[in-house]
Every structure is written in C-alpha cells, then in structure tokens.
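Worksheet: one structure, shown below.
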Protein chains: 2
Amino acid sequence: MGCFQSIEEAKFAETGFSYTLSLINGKYKMTILYCLFEFEVVRFNELKRYISTISYKTLSSSLKELEADGLVVRTEYPQIPPKVEYRLSERGTSLIPILDALCEWGDRHRDDGPTCAASNK
Amino acid sequence: MGCFQSIEEAKFAETGFSYTLSLINGKYKMTILYCLFEFEVVRFNELKRYISTISYKTLSSSLKELEADGLVVRTEYPQIPPKVEYRLSERGTSLIPILDALCEWGDRHRDDGPTCAASNK
DNA sequence: CTGTATCCATTTCGATACTG
DNA sequence: CAGTATCGAAATGGATACAG
C-alpha cells in the first residue's frame, strides 16, 4: 500500500516493486531460490538434478545474476575435482516468506476455477 | 514451507508455486494488477497511460490472459464510442498482499548494496 | 565436477497502421 | 474508445560440445 503513490507518473522503474521484480525475473530464479532454501547448501550439478528442466546455460547465468544481486552466496573449494557450493545469503533468505506466500496462494486458489471470470464480482 | 516437499522429484509443475507464477508471468502482469488495485476501475486507454511503457499489444494480451485466469473482470458497455472497464476480481484482489510484500521488500532492500555478495553470509 | 562457448529455436515485446 | 493485425526486433532459453 502506498508503494504506488507515484504510479500516475509511471515511475515504476523507481519503485521497490520493480526493483524486486528485477531480481527475481527469469524463468527459474525463484525456483532456484526456493531450492536453496529447502536444501540449504547445494552444489551445481545437484541443483541441476533438482530442477531437471533447466539447462546448464540458464542455471549458470541465473546463479551468476543471483550472486551479483547478493541473494546467493557462492563458495568455491579449490580442489580437483572442483567443488562449489551455493546457498542463500541473508538477503536471499529474507525473500523466502514471499515465495512461500506465492506457494500457499497457488495451493489455495488452484481449484477456484480459472473460469470464474464471468462471475462479475 | 512444506510446499516443496516434492522438490526432489522435480514436480514443480504441480506445485501451487509454479501455478501462481504461471498466472503472473509476463513483463507487465503484476504491474497491471497493482494498477487495478490502486485505481479500482480503469479503462483501457487509462491503463495505457498509467503504464506508459507498455505497448497496446502487450496490454491487450495481458488483460485477456488475466481475465481468462479469473484475476481481472472486464465489463463492456455497448455504446458508441465503446467503453470498457477493468477491475480486480476477488481472486485477483487476494493476490495483492503478495505484491505489496514485493513492494515493501524492494523498498527495504534497495540500498542493501547489491554487491554484498562477497560478504559471505 | 563446474562450468563456458556456440549456435539455434522459441517466446515475448514493440511500433505502426488499421477496424468497428 | 477499444482494440486487432502485421511485421520485425530483442530477449530468453535449450542442446551440444568443449575447457580447466
């Protein structure tokens, strides 16, 4: 509420709303965040297995962006074979309640029947 | 929490999480929802002015999908010139608290400094 | 194991002109 | 006013091969 006082001026680009969206855009970013929340510390290929439909390229670039945005922490162990762990930062963790809310909303409204559009109010 | 018990099986497609995401995908859908929440009853070109960067095509297709998903109610007044009003359905309104949360999160974390990724945990 | 590079397919978005 | 149609641009995502 009130977050959109300036909506008339189309200043979306400067609202916290659009800022948050810019961090979680991309087909799999929220899924990755949720995965890291559930499993806490996860390696690259482990993540790939959890999110089986993601491609290496997308996983790689998404992780890089999430890291750059401070939502994910990447820890590299310089050894052979390489070992890299990913987990949520505090900042990233603070986003989880919102993802949870999305989850719950979906569970509660999945069977509302999407065709209730006709029931005018 | 617990919404992702089955994440190991990569059953994202069946979670409420991905269901919700499928409703609010697209560059402007959440913005449109928020706009309708702020202004309650809005006409097509009015919306276009509020969200100045959206194209007619995207606005049109987004509204159509939001309506099909039961989040938005479209009311047409058969007159010349035509008049059409859009507003949130109850279902759509129930999504607003989540959008608000996104908004607040962004406002609070905008200045965390996105480069805090290095501060391991 | 943890990625990157390349190339390609698909999806999404936008500008403009036009219709009822 | 409220859109649609068309075309093209751009972003996104995927498959595969390869590198350190």
Side-chain angles (χ1 to χ4, degrees), chain A residues 10 12-13 18 21-36 39-69 72-87 117 120, chain B residues 10 12-13 18 21-36 39-69 71-88 117 120:
Chain A
F12 286 118
S18 71
L21 291 189
S22 73
L23 300 188
I24 58 178
N25 61 353
K27 192 169 174 180
Y28 288 101
K29 279 207 189 150
M30 293 203 263
T31 304
I32 291 172
L33 290 176
Y34 221 123
C35 244
L36 293 180
F39 300 105
E40 300 191 17
V41 178
V42 187
R43 298 179 63 173
F44 186 83
N45 273 315
E46 204 182 345
L47 253 181
K48 173 72 175 82
R49 279 191 299 274
Y50 290 147
I51 312 172
S52 57
T53 54
I54 200 173
S55 70
Y56 284 107
K57 175 185 173 180
T58 303
L59 179 57
S60 179
S61 64
S62 298
L63 282 171
K64 217 177 285 181
E65 288 175 24
L66 289 170
E67 190 196 355
D69 290 331
V72 162
V73 176
R74 177 183 187 276
T75 311
E76 185 174 350
Y77 299 89
Q79 60 185 45
I80 306 289
K83 176 179 176 181
V84 178
E85 290 176 344
Y86 295 92
R87 56 197 169 78
N120 198 307
Chain B
F12 286 116
S18 71
L21 292 189
S22 73
L23 300 189
I24 59 178
N25 61 353
K27 192 169 174 182
Y28 290 100
K29 279 211 189 147
M30 294 203 263
T31 304
I32 291 172
L33 290 176
Y34 221 123
C35 244
L36 293 180
F39 299 106
E40 302 192 15
V41 179
V42 188
R43 298 179 63 171
F44 186 84
N45 274 314
E46 204 182 346
L47 253 180
K48 174 72 175 80
R49 278 192 299 274
Y50 291 146
I51 312 171
S52 59
T53 54
I54 200 173
S55 69
Y56 283 105
K57 175 183 173 180
T58 304
L59 178 56
S60 177
S61 64
S62 297
L63 282 172
K64 219 176 282 181
E65 287 174 25
L66 288 170
E67 191 196 355
D69 290 331
L71 298 176
V72 162
V73 175
R74 177 183 187 275
T75 311
E76 185 174 349
Y77 298 88
Q79 60 185 44
I80 305 288
K83 176 178 175 180
V84 177
E85 291 178 344
Y86 294 91
R87 56 195 169 79
L88 290 180
N120 199 307

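These numbers were taken from a predicted model, which means no experiment stands behind them. Note on naming: letters A, B, ... go to the chains in the order of the sequence lines (proteins, then strands), and numbering restarts at 1 for each one.
Heavy-atom distances to DNA chain C give each of Tyr86(A) and Lys57(A) a nearest nucleotide, and the one nearer the 5′ end belongs to Tyr86(A). Both Asn25(A) and Ser61(B) lie close to DNA chain D; mapped to their nearest nucleotides by heavy-atom distance, the more 5′-ward contact belongs to Ser61(B).
Counting only N and O atoms by type, the side chains of Thr31(A) and Tyr50(A) include no donor and acceptor under 3.5 Å apart.
Going from atom CD of Glu85(B) over to atom C1' of dG3(D) covers 16 Å, rounded to whole Å. One can place CD1 of Ile54(B) at 15 Å from P of dA2(D), the figure rounded to the nearest angstrom. When rounded to the nearest whole Å, the span between NZ of Lys48(B) and C1' of dT4(D) equals 15 Å. At whole-Å resolution of the value, CG in Asn45(A) and P in dC1(C) are 5 Å apart. Spacing between atom CD1 of Ile80(B) and atom P of dG3(D) amounts to 13 Å, rounded to whole angstrom units. Following rounding to the nearest Å, Phe44(B) (CZ) and dC1(D) (P) show an atom-to-atom distance of 11 Å. The distance between atom NZ of Lys27(A) and atom P of dG13(D), rounded to the nearest whole Å, is 7 Å. Distance CZ (Arg49(A)) to C1' (dC1(C)): 11 Å, rounded to an integer number of Å.
Contact annotation: the side chain of Leu63(A) approaches that of Leu59(A) to within less than 4.5 Å [non-hydrogen atoms, C-beta and beyond]. A 4.5 Å side-chain heavy-atom check between Thr58(B) and Lys27(B) finds every atom pair outside the cut-off.
Aromatic ring pairs are classed by plane angle as parallel below 30°, tilted from 30° to 60° and perpendicular above 60°; the pair Phe44(B) and Tyr86(B) is tilted.
Look at Thr58(B) and you'll find a side-chain N or O under 4.0 angstrom from OP1 or OP2 of dG14(C). Between Ser60(B) and dT4(D) there is a side-chain N or O to OP1 or OP2 distance below 4.0 Å.
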Yes or no on side-chain contact (heavy atoms from CB on, under 4.5 Å) for Val42(B) and Cys35(B), after CA distance, side-chain angles and deciding distance?
-> CA-CA 9 Å; Val42(B) 188; Cys35(B) 244; 6.0 Å; no
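The side chain of Tyr56(B) has dG3(D) as its nearest neighbour among dG3(D), dG14(C), dG20(D). Of the candidates dG3(D), dC1(C), dT4(C), dC1(C) carries the atom nearest the Arg43(A) side chain, counting heavy atoms from C-beta on.
Lys64(A) comes within 4.0 angstrom of the backbone, heavy atoms only, and of no base.
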